[in-house]
Amino acid sequence: MNSLVQAAVPPRLLLVSRYTELLARLRSDTAGVVNASIATADGLAVASTLVDEQDADRLAAMSGSIAALASALTRETGHGEPERVVLESATGVIVSLKVPGQQGGLVLTVVTDQNAVLGKLLWACRATAAEIAACADALPA
Amino acid sequence: MVNLQNARPGDTKIVFTGPMGAGKTTAINAVSDSRVLSTEVPISDGSSVGAKSHTTVGFDYGECLLDDGQSLRLFGTPGQERFRFMWDIIGAGAFGLVVLIDNSRPDPIGDVERYLEAFARQIPRERTVIGVGRLEDAPSPSIEDYCQRLAANHAPVPVIDVDVRQADDVRLLLSVLVSLVEVQHE
């Protein structure tokens, strides 16, 4: 029964639900994480722990822009592709990193409060990005 | 007459906007004297226009020296509404606006009005030109239709037939924009 249900669900939806699980786990397992989202490189929301769809869409567009701007800046200064963007403010940290893949790949963006520990946060973000990449690769083309 | 030679750096900032696929990145590439800075990424959702496979998500930047020695700094915006926050950032301190339009879209004059409205707070309508592309493939609405609709609803704005791949066409748009300002200051 279960396999029949699975076969009827488009692979893309399965992928999004897997992404949502990964994001939820990143949030629950990592100190300070307020929300976590995945967007396409051109700024469309794919999955997010944000409940408000409009918030998720806005964050997705800004994630796409900041990732592209960061790439332009490192490229123009001879540094190749950036590993991540870290924005630190008085009330928290935002980390944005590219997940390589088809059609420009994806961007993982994680927003935290003051409770985040930067080193642990970056480690968790990188591990999640690797899992996201592995999921996307497993999807039949 | 305003002396553009002595203009402050911000006075020479020109913003290219308009819907995705209208040719903002192409126009800036066509007319720029040096290598253009781009933030294009592959289009993910199949909303591509014709052969277009990439879209700007940050901004484009190029520089262009006009025949009269005036140097302009050209900024291209992303076209999609979801990047409106970038429009506000790029529009700040701009001196003129070029709205590029794809005449084969469903409501191109509506597109003009949408982008004029979005930038109205930052760039006065008197410093705006409209460049309409793909008129050969999609002859309607005509340039006259644009002029009538815009004159009825807003201050009249120059509307010019443009092929964004042609440097001369884009230069013409920029020259008209600069001369608009000179006329206003006479």
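Note that the structure is a prediction, hence the values are computed from the model and not measured. Throughout, protein chains are lettered first and strands after them, A, B, ... in sequence-line order, and every chain is numbered starting at 1.
Of the two parts of Thr40(A), only the side chain, counted from C-beta on, holds a non-hydrogen atom closer than 4.5 Å to a non-hydrogen atom of chain B.
The heavy-atom pair separating Gly64(A) from Val57(B) by the smallest distance is O-CG2, 3.6 Å. Heavy-atom minimum distance, Ala72(A) versus Ser38(B): CB-O, 4.2 Å. Shown here for Leu44(A) and Ser44(B), the closest heavy-atom pair between the two residues is CD1-OG, 3.7 Å.
Transitive grouping of hydrophobic side chains (ILVMFWY, heavy atoms separated by less than 4.5 Å) brings Phe83(B) and Leu97(B) into a common cluster.
In the displayed structure, Arg125(B) atom CZ is contacted under 6.0 Å by more than 12 heavy atoms of other residues, nucleotides or ligands. Within a 6.0 Å sphere centred on CD of Glu117(B), other residues, nucleotides and ligands contribute 12 heavy atoms or fewer. In Arg126(A), the CZ atom is not crowded: 12 or fewer heavy atoms of neighbouring residues, nucleotides or ligands sit closer than 6.0 Å. Residue Glu81(A) places its CD atom among more than 12 non-hydrogen atoms of other residues, nucleotides or ligands, all under 6.0 Å distant. Counted within 6.0 Å of CD on Gln54(A), heavy atoms from surrounding residues, nucleotides or ligands total 12 or fewer; the atom is thus considered open. Environment of CD in Glu21(A): crowded, with over 12 heavy atoms of neighbouring residues, nucleotides or ligands closer than 6.0 Å.
Looking at Asp42(A) and Thr55(B), their side chains never bring a donor and an acceptor atom within 3.5 Å of each other.
Between the CZ atom of Arg82(B) and the OG atom of Ser65(A) there is a distance of 9.0 Å, given to the nearest 0.5 Å. To the nearest 0.5 Å, atom CZ of residue Arg35(B) and atom CD of residue Glu76(A) are 4.5 Å apart. Here the straight-line distance linking atom CD1 of Ile66(A) with atom OG1 of Thr39(B) works out to 11.5 Å at 0.5 Å rounding.
Among Arg75(A), Arg58(A), Met62(A), the residue with the largest count of heavy-atom pairs under 4.5 Å with chain B is Met62(A). Considering only heavy-atom pairs separated by less than 4.5 Å from chain A, the leading option among Thr56(B), Val41(B), Leu37(B) is Val41(B).
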